[in-house]
Amino acid sequence: MSQFVLEIGFEELPSRFLPGLERELAERFARALDDDGVEHESIRVLTTPRRTAVLIEGINPVQREAEEVVPGPPVRVAFDAEGKPTKAAEGFARTQGVEMADIFTLSTDKGEYIAVRKRTGGAMSADLIAAACPAIVAALPFPKRMRWGSGDFTFGRPLRWLLALFDDAVVPFEVGGVVSGGVTWGHRIHGAGPLVVKSADDYLNVVTEKGGVTPDPAERRAMILAGGNAAAEAAGGRILWKESLLDEVQGLAEHPVPLLGDIDPSFLELPREVLLTSMESHQKSFGVEGPDGALLPHFLTVLNLTPLDVALVKKGWERVLRARLEDGRFFWKTDLAASFDAWLAELDNVIFLGPLGSMGDKTRRLEKLCAWLAACVAKTAGVADEAACARAGRLSKADLVSEMVGEFDTLQGIMGGIYARRMGESETVAAALAEQYLPAGPDSPVPATLAGALLSIADKADTMAGCFGLGMIPTGAADPYALRRCALGIARIVLEHGLRIDVRELFRTALALYGERAWKLAPAEALAKLEEFFMARLKNHFMAAGHETLLVEAALAADTPEGAGIDVRAAGARLAALSDFSRRDDFGSAVLTFKRAANIIRKQGQEGGAVLDGAYNHALLTEDAEKALAARLEEVAPRFDALWAADDFASLFGLLGELRPAVDAFFDGVMVMCDDAAVRTNRLNLLKALTQRLGRLADFGALQM
């Protein structure tokens with residue numbers, strides 16, 4: 001079996017490009033080889049900032065062969081009455097490149113046809129790979145592409161070399177003016193090259209031993225972890241590894257060398273978050289923590305070379321980080337000399353969104369909306385501090401005008417919480433300020449405190465209401481104000497905190513707090529579109545959590561009682577109970593029974609017949625089955641209402657098992673659409689009484705069995 005290696009050399013790519021490049025190359029080569037019938041055992045893709053290598057092992061040198069039967073025209077058309085070939089047969093043979101002697105008769109279910117056997121495959125795998133490489137390399141996607149020189153070819157960064165070997169032979173092709181060969185280049189300091197690679201199986205040895213490059217990202221990551229942990233342990237601490245930063249630094253180095261540096265202990269007076277942000281964001285370095293959880297005066301960085309003078313390099317890194325920390329200390333002291341009152345005054349000069357006023361206006365709305373939310377949850381939870389929540393809303397954006405957040409914008413909210421504690425605000429307010437931007441994405445945690453949860457909901461609802469009022473509704477991939485993330489955040493917070501909040505009323509209140517404005521959409525239209533948008537996001541959230549689409553649609557389409565609004569918490573609980581119910585053996589038959597009732601009522605409502613309100617007359621119940629159903633409904637009704645009030649949806653779905661025999665007997669023994677109009681309407685109202693309760697659990701008509 002043979003081996004193939006392709007190395008694409010380029011100027012340094014951003015580390016964020018590398019994972020996608022690895023994935024795309026693996027998928028595209030696998031697809032190309034499968035399409036060409038080239039058998040192989042494995043495909044491995046390695047990336048560094050200056051190269052990506054595709055290593056394919058266990059290749060069959062010859063393309064897989066196969067025999068194909070190609071049918072032609074029917075025998076009755078291919079031969080005349082004397083058995084001689086017609087022009088149709090001769091044309092078929094000519095098209096297939098065979099002689100008439102090679103044609104045979106093929107019997108099928110539709111009759112007899114002439115046919116020919118053709119063998120395909122047998123080409124050299126190296127030739128097929130050579131033909132596939134240019135298209136694969138040229139089509140690789142990048143977040144941003146570059147054009148260089150006078151050509152039109154684009155790539156993530158300028159191409160510098162192409163190495164392509166099938167065993168010990170060069171695979172010839174050209175991409176972007178670069179011709180493939182058997183030469184690679186190593187690390188700029190530790191083995192620049194050029195380096196000749198004699199065969200594909202010698203590639204890794206050459207770039208590693210002679211080129212000074214560690215091409216495997218997993219190996220570089222392991223080297224960074226091992227070296228960093230050893231250095232930190234020697235200093236009496238441990239590295240505060242951050243996965244996203246670790247991914248980045250292993251993608252920045254071809255020759256990773258961890259280095260532990262020192263900082264002046266006086267800088268430890270700065271908040272932990274400021275120190276770590278300075279290290280991580282600006283210097284791509286990691287903090288070091290002591291056994292007591294406090295930061296130690298050290299940092300870990302990753303070099304891309306083994307220095308001749310380690311002390312000199314270490315001193316340079318320390319000097320650069322010190323300048324950053326000096327800035328942070330200046331901002332910290334300046335901010336501590338300021339006050340929230342001064343910052344709040346400055347917010348009136350900071351624009352939120354042009355037509356929506358200033359950040360000061362936003363905080364005044366949030367103050368009221370947070371108080372409203374606290375009052376809402378207090379009705380059921382009784383734990384929200386309304387005054388503290390309102391205060392958090394008012395102070396929520398104050399740190400945006402602080403010196404620290406002006407320099408380190410990723411600390412917005414976090415610094416607000418820190419300053420709140422230093423300036424005498426309550427812990428409830430401080431925690432809420434720190435958590436207000438959570439969740440930052442689908443995998444980010446929601447606020448841990450109730451006040452933080454309510455502030456985050458209020459902030460997102462205010463932004464969504466204002467944007468929808470201005471007609472700024474996300475379309476396609478365009479969502480400049482992250483309204484989808486806002487909707488998902490509200491849903492997650494409500495569900496994970498178990499809050500009973502009417503989301504429809506939340507948006508109505510948020511929009512009303514803007515006061516009189518020149519809206520692009522009338523408030524009623526904006527709220528309708530906002531509700532539709534939110535429900536679509538909620539549906540997506542449930543499906544992403546693993547629930548079946550039909551179950552999600554049925555749960556969300558349930559008929560809620562008049563004035564109940566949108567209760568996300570209840571919808572989640574109903575869906576969970578419906579999902580459990582769907583795993584029962586009798587689920588399918590139960591759905592068909594209740595779906596039949598729902599469909600009858602829906603059809604009668606659409607046809608505009610008699611008014612159906614669920615009120616039936618016992619005197620018109622003549623059949624035993626309809627009397628039994630009415631009796632069963634009346635027996636179950638008090639229990640249903642009690643379970644509904646307790647949000648015990650699992651038990652409510654359990655009641656369906658008690659009702660179903662009576663419903664089945666009703667359909668088996670009663671003619672609903674009888675000739676007598678009064679009896680017919682009465683029977684329909686009996687079914688309406690049933691569906692009024694069932695419809696509160698789920699829209700059974702939406703389920704397909």
Side-chain angles (χ1 to χ4, degrees), residues 548 550-555 557-561 574-607 609-644 648-705:
E548 294 182 22
L550 288 178
L551 297 181
V552 173
E553 292 175 346
D559 293 327
T560 54
R574 280 201 315 274
L575 176 58
L578 177 60
S579 296
D580 290 340
F581 183 58
S582 70
R583 289 187 279 271
R584 288 176 38 168
D585 293 337
D586 61 344
F587 174 69
S589 54
V591 166
L592 291 176
T593 295
F594 299 123
K595 182 175 181 177
R596 183 177 179 184
N599 287 342
I600 290 173
I601 296 302
R602 182 179 290 112
K603 180 180 179 181
Q604 294 306 309
Q606 292 172 346
E607 293 179 355
V611 175
L612 302 180
D613 56 7
Y616 52 87
N617 186 348
H618 284 80
L620 294 177
L621 301 175
T622 58
E623 302 290 342
D624 289 342
E626 61 183 331
K627 292 178 181 178
L629 177 57
R632 202 77 180 102
L633 281 174
E634 291 162 13
E635 177 189 345
V636 166
R639 293 162 55 200
F640 186 100
D641 293 340
L643 292 172
W644 182 269
D648 190 350
F649 296 107
S651 297
L652 284 168
F653 277 103
L655 285 181
L656 301 187
E658 299 181 27
L659 285 171
R660 187 183 153 209
V663 179
D664 285 338
F666 175 84
F667 283 127
D668 290 340
V670 177
M671 174 67 71
V672 178
M673 305 307 291
C674 62
D675 294 333
D676 189 317
V679 173
R680 180 172 64 249
T681 300
N682 200 59
R683 289 173 178 172
L684 288 171
N685 270 313
L686 181 59
L687 288 179
K688 179 67 174 179
L690 171 69
T691 59
Q692 280 177 331
R693 294 188 181 279
L694 298 184
R696 290 161 65 179
L697 292 175
D699 179 5
F700 286 92
L703 295 172
Q704 298 177 6
M705 302 304 298

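The basis for the numbers below is simple: all heavy atoms, side chains too, and nothing from hydrogens, waters or symmetry mates.
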Fill in: Atom CD of Glu553: over 12 foreign heavy atoms under 6.0 Å
yes
Discussion item. Distance check, rounded to the nearest 0.5 Å: Met671 atom CE versus Asp676 atom CG?
Written reply: 13.5 Å
Item to complete: Can you see which heavy atom on Ala637 is nearest to which on Arg693, and at what distance?
Response: CB-NH2, 3.5 Å
Fill in: Pairwise side-chain contact, Phe666 with Leu690, heavy-atom cut-off 4.5 Å (strictly under)
no
Item to complete: State, with a plain yes or no, whether a side-chain heavy atom of Leu655 is found less than 4.5 Å away from one of Phe640.
Response: yes
Worksheet item: Does atom CG of Asp624 have more than 12 heavy-atom neighbours, drawn from other residues, nucleotides or ligands, at distances under 6.0 Å?
Response: no
Fill in: Flag side-chain contact, heavy atom, 4.5 Å: Arg683 against Glu623
yes
Worksheet item: Using 30° and 60° as the class limits, which term best fits the ring planes of His618 and Tyr616: parallel, tilted or perpendicular?
Response: tilted
Worksheet item: Are the side chains of Leu575 and Phe649 in touch, meaning some heavy atoms are under 4.5 Å apart?
Response: no
Item to complete: Please say whether more than 12 non-hydrogen atoms of neighbouring residues, nucleotides or ligands are located less than 6.0 Å from CG in Asp585.
Response: no
Item to complete: Check whether the side chains of Ser589 and Arg660 place a donor and an acceptor atom closer than 3.5 Å, and report yes or no.
Response: yes
Practice prompt. Can you measure from CZ (Phe587) to CG (Leu578) and round to the nearest 0.5 angstrom?
Written response: 5.5 Å
Discussion item. I need the Arg696 CZ to Thr691 OG1 distance, nearest 0.5 Å.
Written reply: 12.0 Å
Item to complete: Would you give the length of the straight line joining atom CE of Met673 to atom OG1 of Thr681, rounded to the nearest 0.5 angstrom?
Response: 8.0 Å
Worksheet entry | Nearest non-hydrogen partners of Leu621 and Ala630, listed with the distance | CD1-CB, 3.7 Å
Worksheet item: Once you round to the nearest 0.5 Å, how far does CZ of Phe581 lie from CG of Leu652?
Response: 11.5 Å
Item to complete: Of all the heavy-atom pairs spanning Glu626 and Val670, show the shortest one and how long it is.
Response: N-CG2, 3.9 Å
